[in-house]
Enquirer: 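Here it is, the structure in full.
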Number of protein chains: 2
Amino acid sequence: MADIRDVAQRAGCSIATVSRALNSPHLVRPETLARVQAAALELKFRPNALGRQLRGERTGLIGVMLPTLGNPVFADCLEGIEAAIEGTGRRLLLVTTQYDPERERNAIETLLQQRVDGLLLTLADAEHSALVDDLDAEGVPCQLVYNDAPQRPCVSVDNRAAAAQGVAMLIEAGHRDIVMVTGALHASDRAKRRYLGYGDAMQAAGLTPLPAFEIDFNSGARGERVREWLARRERDGVRPTALFCSNDLLALGVMRALREAGLRVPDDMSVLGFDGLAVGELLSPTLATVVQPSVEIGRHAAQRLLAQIDGRSDGRPSADASVPHDASLAHALILPHEIRRGGTVAAPPHKSHAPGSPDAEPGASPVSK
Amino acid sequence: MADIRDVAQRAGCSIATVSRALNSPHLVRPETLARVQAAALELKFRPNALGRQLRGERTGLIGVMLPTLGNPVFADCLEGIEAAIEGTGRRLLLVTTQYDPERERNAIETLLQQRVDGLLLTLADAEHSALVDDLDAEGVPCQLVYNDAPQRPCVSVDNRAAAAQGVAMLIEAGHRDIVMVTGALHASDRAKRRYLGYGDAMQAAGLTPLPAFEIDFNSGARGERVREWLARRERDGVRPTALFCSNDLLALGVMRALREAGLRVPDDMSVLGFDGLAVGELLSPTLATVVQPSVEIGRHAAQRLLAQIDGRSDGRPSADASVPHDASLAHALILPHEIRRGGTVAAPPHKSHAPGSPDAEPGASPVSK
DNA sequence: TTGAAAGCGCTAACAA
DNA sequence: TTGTTAGCGCTTTCAA
């Protein structure tokens with residue numbers, strides 16, 4: 001593989017001139033420039049980015065760490081990131097962590113060793129993660145994605161408020177027995193905040209928040225577990241009429257389980273998701289959900305990161321320059337969410353639950369409180 | 001940021017010893033090793049991968065180029081790739097092209113400049129792309145993903161056979177008027193092959209293949225176009241009873257359009273997809289589709305690429321060594337597809353349109369041949 | 001407008 | 001077992 005020296009020789013000039021011809025053509029006499037370009041072409045010269053990166057202060061590499069791409073919400077976000085860096089000559093170094101905190105740590109270290117100019121991260125739990133503090137202390141440009149931690153540089157929706165609003169819609173539709181279904185709660189700070197929002201909405205309506213129904217995402221026995229859980233609740237006489245799922249993918253899984261259990265959505269059970277996956281709108285009935293602008297989240301995060309990177313005088317992380325160029329980049333950017341009404345939410349089944357009236361109405365769920 | 005020299009100084013040894021301590025600890029006296037490690041820790045030394053990569057013959061970087069992540073089929077594949085490199089100490093450099101041939105060319109060049117050890121690519125059109133030949137000529141390890149070009153190093157399903165089998169299922173269900181719906185046909189060699197497969201199945205059943213209905217993926221007016229097209233066909237008296245969509249995403253879009261047009265699936269129209277997206281199974285009715293093992297495609301492609309890379313004596317692309325270590329890596333790996341029967345396919349509606357035979361046989365499709 | 005030369009941080013001979 | 005040293009391919013002063 002031809003290197004800059006070969007080109008120089010062929011063009012009859014020094015390597016410095018070749019470098020200039022490539023990077024600052026205006027500094028080179030047109031004649032020389034032409035000779036260099038011709039030589040480069042003939043030799044199929046492909047500049048080695050490593051050399052430049054080692055020398056320079058920037059690599060043009062952006063590190064992206066996401067939990068998984070199996071959930072379109074992250075893939076969408078990545079599309080937004082890609083869109084934002086498109087044309088900037090930057091490249092993406094991608095790692096997924098499967099929500100594993102240890103992999104998070106390793107992945108970040110790896111990215112840093114490659115000398116990425118900045119990081120775009122979705123952490124399992126941003127607020128309690130020392131990682132971000134470390135990065136901050138080291139002066140590594142970094143934006144969190146989806147994590148909403150008010151004091152951190154991040155781009156997200158207000159998960160708590162958004163969830164509350166979604167649940168409020170369920171309540172408005174007449175539901176009182178609403179249960180939140182989540183993947184492993186501990187795995188995601190988003191889910192936790194959404195659960196708080198669920199609680200807010202319930203209490204605001206004078207209802208008692210119920211414990212979340214945690215269901216392992218990765219277990220194949222999802223349908224079974226849901227059915228089993230429903231049966232148990234049925235026995236206890238407290239079958240909910242609506243389920244608020246902590247994300248759309250989970251909602252889809254739950255809906256299938258319900259179907260397998262012989263329950264119709266929304267006739268027997270309403271379902272509300274969170275994320276706003278595009279496929280939700282293609283379903284029938286369409287999935288009611290709390291929409292977060294995933295692509296925009298990715299795009300904004302990337303834009304902020306780029307601003308942060310460009311804001312530094314030198315490209316290298318500087319431990320002392322703890323003040324970003326624009327201080328607002330150091331704090332959360334909360335994008336607007338949206339409630340998407342959909343066919344999966346309807347009024348609860350006929351027999352309504354007058355509080356305090358314990359009459360056993362056939363086919364109806366008794367009331368809580 | 002501390003470099004290897006700083007560590008050496010602090011540990012009271014030479015940089016060579018530090019390097020050894022890090023990369024070949026067994027070559028270093030335990031005492032020294034400990035000192036180095038301590039020094040590295042105290043200085044928060046983070047080895048600069050660029051230095052190593054510039055020096056060495058491998059970067060550990062794998063270039064991945066996909067059309068988009070908006071289609072889960074590619075995100076799934078990427079998950080497979082990730083899974084395959086997990087634990088190998090390799091990293092992924094990711095680029096998406098939005099099916100744009102020019103971006104393909106640029107992206108590859110960019111990846112090559114970063115000195116990736118190999119490439120994993122999905123091209124718009126693999127068979128007629130000079131790109132792969134160039135790469136091959138340059139000796140860059142490379143595997144195509146999804147593209148099925150028998151003579152090329154790639155991992156895919158047999159799109160033609162798979163499509164034929166899917167369409168055969170439709171025919172078996174009683175359909176005769178089957179139209180294939182595709183995104184821009186020219187944009188994807190997969191779609192072309194699937195159309196061939198459609199033709200195969202139709203002819204094998206003595207039916208006349210119809211022109212494909214091409215519909216722009218990115219146009220927002222999808223629903224409208226589908227309705228309009230249906231209306232036209234209706235006027236012509238040749239309304240199809242089944243649609244074979246060139247991919248699942250398209251199938252979902254089409255189904256929505258049908259719904260908006262007041263047609264029920266599968267009662268009024270059967271729909272068959274291609275890809276086997278997980279969400280298809282979560283729908284109701286579940287999406288009938290030709291399943292390709294996306295994650296496995298990604299995983300195998302990555303594994304083959306790694307084998308190819310490791311097979312080379314030197315890590316650098318060598319123009320002459322056109323023969324891979326294992327010659328089979330130079331040819332297609334065709335993974336098995338699968339027909340997923342689903343609720344979107346049923347027998348055609350009662351009034352069938354027998355070509356030439358105007359008698360309306362209730363409830364039965366005329367027989368071919 | 002061009003060239004010579006000094007590294008960027010690291011690895012790997014080769015010597016000691 | 002350790003150190004010295006020569007680069008990997010490039011950019012960028014500094015001089016000419």
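Quick caveat: nothing in here was measured; it's all calculated off a predicted structure. Here is the naming used below: chain letters follow the sequence lines, and residue numbers restart at 1 for every chain.
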Enquirer: Checking the side chain of R91(B) only, and the main-chain atoms of G89(B) only, is there a donor and an acceptor separated by less than 3.5 Å?
Expert: yes
Enquirer: Residues in side chain to side chain contact (heavy atoms under 4.5 Å, CB included) with R10(B), at least two apart?
Expert: A39(B), E42(B), L43(B)
Enquirer: Once salt bridge (Lys or Arg N to Asp or Glu O under 4.0 Å) is applied, do any residues pair with R52(A), and if so which ones, sequence neighbours excluded?
Expert: none
Enquirer: Atom CD1 of I108(B) and atom CG of L135(B): how far apart are they, to the nearest 0.5 Å?
Expert: 5.5 Å
Enquirer: Excluding sequence neighbours, so at least two apart, what forms ring-ring contact (aromatic ring centres under 6.0 Å, His included) with F74(B)?
Expert: Y146(B)
Enquirer: Could you give the distance from CG (D6(A)) to CE (M1(A)), rounded to the nearest 0.5 Å?
Expert: 10.0 Å
Enquirer: Within this structure, what is the CG-to-P distance between L54(A) and dC10(C), rounded to whole angstrom?
Expert: 9 Å
Enquirer: Atom CZ of R29(B) and atom P of dT1(D): how far apart are they, to the nearest Å?
Expert: 9 Å
Enquirer: Roughly how many Å is it from CD in E57(B) to P in dC8(D), rounded to a whole number?
Expert: 14 Å
Enquirer: What are the residues of residues 35-44 of chain B, sorted by number, that bring a heavy atom to within less than 4.0 Å of DNA chain C?
Expert: none
Enquirer: Atom CZ of R46(B) to atom P of dC10(C): distance rounded to whole Å?
Expert: 12 Å
Enquirer: According to the salt bridge (charged side-chain N to carboxylate O under 4.0 Å, His left out) rule, which pairs have a member within residues 11-23 of chain A, sequence neighbours left out?
Expert: none
Enquirer: Of the residues in residues 13-27 of chain B, which ones touch DNA chain C at a heavy-atom distance under 4.0 Å?
Expert: I15(B), A16(B), S19(B), R20(B), N23(B)
Enquirer: Distance from H128(B) atom NE2 to L123(B) atom CG, nearest 0.5 Å?
Expert: 12.5 Å
Enquirer: Less than 4.0 angstrom between a side-chain N/O of R52(B) and OP1 or OP2 of dG9(C), yes or no?
Expert: no
Enquirer: dC10(D) P sits how many Å from Q113(B) CD, rounded?
Expert: 10 Å
Enquirer: In whole angstrom, what separates R5(A)'s CZ from dG3(C)'s P?
Expert: 14 Å
Enquirer: Expressed as a whole number of angstroms, how long is the span from I4(B):CD1 to dG7(C):C1'?
Expert: 16 Å
Enquirer: Distance check needed: dC10(C) P versus Q53(A) CD, whole Å only.
Expert: 15 Å
Enquirer: Select one nucleotide: of dT1(C), dC10(C), dT2(D), the one nearest the side-chain heavy atoms of F45(B).
Expert: dC10(C)
Enquirer: Does any donor atom in the side chain of D3(A) or N48(A) lie under 3.5 Å from an acceptor atom in the other side chain?
Expert: no
Enquirer: Name the closest nucleotide to the V28(A) side chain, picking from dC10(D), dT2(C), dC10(C).
Expert: dT2(C)
